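Okay, so here's the structure we're looking at.
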Number of protein chains: 2
Amino acid sequence: MAYGYKIGSIPITTVQRLATYLPALREMQRQGRSIVSSANLADMLRLEAIQVRKDFGYLEITGRPKTGFKIVELIEAMERGLSWNRVSDAILVGTGHLGTALLNYRGFGYHGLNINAAFDIAPDRVGTVINGVEVQHLDAMGGSLDAAMAILTVSPESAQAVAEKLVQAGITGIWNFTGRTLLLPEQVIIQDQDIAIGLAVLSAKLTARAREAIEAESTLRP
Amino acid sequence: MAYGYKIGSIPITTVQRLATYLPALREMQRQGRSIVSSANLADMLRLEAIQVRKDFGYLEITGRPKTGFKIVELIEAMERGLSWNRVSDAILVGTGHLGTALLNYRGFGYHGLNINAAFDIAPDRVGTVINGVEVQHLDAMGGSLDAAMAILTVSPESAQAVAEKLVQAGITGIWNFTGRTLLLPEQVIIQDQDIAIGLAVLSAKLTARAREAIEAESTLRP
DNA sequence: GGTGTATCGAGAAAAAAGTATCGATACCGT
DNA sequence: ACGGTATCGATACTTTTTTCTCGATACACC
Ligand SMILES: NC(=O)c1ccc[n+]([C@@H]2O[C@H](COP(=O)([O-])OP(=O)(O)OC[C@H]3O[C@@H](n4cnc5c(N)ncnc54)[C@H](O)[C@@H]3O)[C@@H](O)[C@H]2O)c1
Ligand SMILES: NC(=O)c1ccc[n+]([C@@H]2O[C@H](COP(=O)([O-])OP(=O)(O)OC[C@H]3O[C@@H](n4cnc5c(N)ncnc54)[C@H](O)[C@@H]3O)[C@@H](O)[C@H]2O)c1
């Protein structure tokens, strides 16, 4: 296998879906609900009930027939199972358009992520303060960062070089937004966040759908 | 099956990888290379050669034993197979931090995407010009948009309502960055671009790795 | 030209992911 | 209290995806 399918004993596909259940559950909780069934959640997330239950099967929880799952228990079990119950610190490198957007993103608090430092090399960036975080020069990045994770939003051309520097500084996980594939020692965990993939799937689906429509029409009027 | 695994006859997982092959191939071309083997590409993208070849098998191309694939043919075949060879127009709704970043993103030209209109409701946004696109009020969005695709970057609370409005205006594909699940008529194609998923996978992998390290150490010194 | 070898590509096998079935359980209304 | 029913969850099954095997092919070098 090229790269592991599982995290611990949980399939990655399940982890991905769990990440989408969580905000939905929190929202329900906010609305005063305390119990949810797999079918409820499935409807809300455009999934099948079976899949939701199967996913929950990987967590240490049990639902109750006829009622469903206690939302509180679900949330706790997820946070426990995936270790999201503590805040992790991260640094961000590349404070351009995207980097700035991420630094301003309020949602991270919800995901237990705290960006505690930002770096760039452009003279007009270094020294500015974005959402309470001062942008430092990349050369000032010492060997003892207060984070294990780095968010990489530099220009694609610098991606590999900067990533290597991050590894030297002790970073063990890189969230890579640059679209470039990083080649690093395999103990470093790389998560590619390539929006081109999403775009490709969407436009491929759109053209496929358009093609179907045309074919359907031409068989209708021969 | 809840939602199709395939686009036309090509598996979605393959489409996703094809999207990552393309920039790598273009980069090679720029560097003057004209031929590449599946093993070459695999190394460059942290994949297995077999997988690359299997993916190529879905396109109408043939490689040559002992040499590999002609890069030009590969690129053409991908663009043909996935209909990326024409520019598609899109509108963007929600010109906040993320929307602004996307409007400024130069990479879309490469992916055949052109954002030809932007909408918001905030008085201080409407009327401004971002990267050559004037921000219009959402109420000005008529029924005859010059685009089939919409990029949705409004605040999560407005996501569902705005999405419904988009559908009424004739949008058939929504690239949804809000993290909220949109419930829309099923003929509308929705592509969720939820960065929380990527973050969840990364942090789960990091904690799993950390746990492994601790266990390894404790077995070392009993 | 012959031999060695890197690479492709078809088909089979293995692994993973998703889906269906069905008995068990707990709630609801009578 | 009792029958009806919604829901869970274990197991079995199906589909999809990934990986392996191996013969065929074309280039390179002698
Ligand atoms: N803007 C988007 O919406 C978007 C979307 C998808 C992907 N991306 C990717 O995200 C990355 C950033 O995009 P962007 O639009 O913010 O670009 P940008 O040009 O606005 O920002 C890049 C930033 O990186 C900094 N930088 C460049 N080289 C550096 C180095 N060696 N060390 C430190 N900092 C360095 C620059 O000074 C700049 O501030 C790019 O790789 C891009 O492909 C952006
Ligand atoms: N900033 C990020 O890095 C980031 C990351 C991941 C996801 N997101 C998601 O992307 C979306 C936008 O994030 P952001 O940081 O740009 O937020 P933001 O608050 O900066 O921007 C939201 C924009 O949407 C506009 N808007 C709100 N309601 C609207 C409506 N009904 N019609 C039209 N426009 C409306 C607002 O005026 C504002 O300009 C959010 O859903 C957020 O969860 C953002």
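This structure is a prediction, so every number in the text was calculated from the model and none was measured. Each chain gets a letter, A, B and so on, in the order its sequence line appears, and its residues count up from 1.
- Base engagement by B:Arg53 is indicated by at least one non-hydrogen atom pair under 4.0 Å involving a base atom.
- Contact annotation for A:Gly57: no contact, since no heavy-atom pair falls under 4.0 Å across all strands.
- The aromatic rings of A:Phe177 and A:Trp175 are tilted relative to each other, their planes meeting at an angle between 30° and 60°.
- Between B:Leu45 and B:Gln51, every side-chain heavy-atom pair lies at or beyond the 4.5 Å cut-off.
- Using a 4.0 Å heavy-atom criterion, one finds that A:Phe56 contacts no nucleic acid atom at all.
- For B:Glu164 and B:Gln168, the side-chain atoms include no donor-acceptor pair closer than 3.5 Å.
- For B:Arg64, taking side-chain heavy atoms from C-beta onward, the closest of the listed nucleotides D:dT18, D:dC27, C:dC28 is D:dC27.
- Picking from C:dA17, D:dT17, D:dC20 the nucleotide with the shortest atom distance to the side chain of B:Thr13 gives D:dT17.
- Set against C:dC8, D:dA6, D:dT18, the side chain of B:Ser38 has C:dC8 as its closest nucleotide.
- Phosphate proximity of C:dA17 to A:Gln51: absent, as no side-chain N or O sits under 4.0 Å from OP1 or OP2.
- Remark: A:Tyr5 is in phosphate contact with D:dT19, judged by side-chain N or O atoms under 4.0 Å from OP1 or OP2.
- Comparing C:dT21, D:dT5, D:dA12 against the side chain of A:Lys54 picks out D:dA12 as the nearest.
- For B:Pro65, whose side chain is taken as the heavy atoms from C-beta onward, the closest listed nucleotide among C:dT19, C:dT7, D:dC8 is C:dT7.
- An OP1 or OP2 oxygen of C:dC8 is reached within less than 4.0 angstrom by no side-chain nitrogen or oxygen of B:Thr62.
- For B:Ser37, counting side-chain heavy atoms from C-beta on, the closest listed nucleotide (C:dC8, D:dT21, D:dC8) is C:dC8.
- Comparing C:dG18, C:dA6, D:dT19 by their nearest atom to the side chain of B:Glu48 picks out D:dT19.
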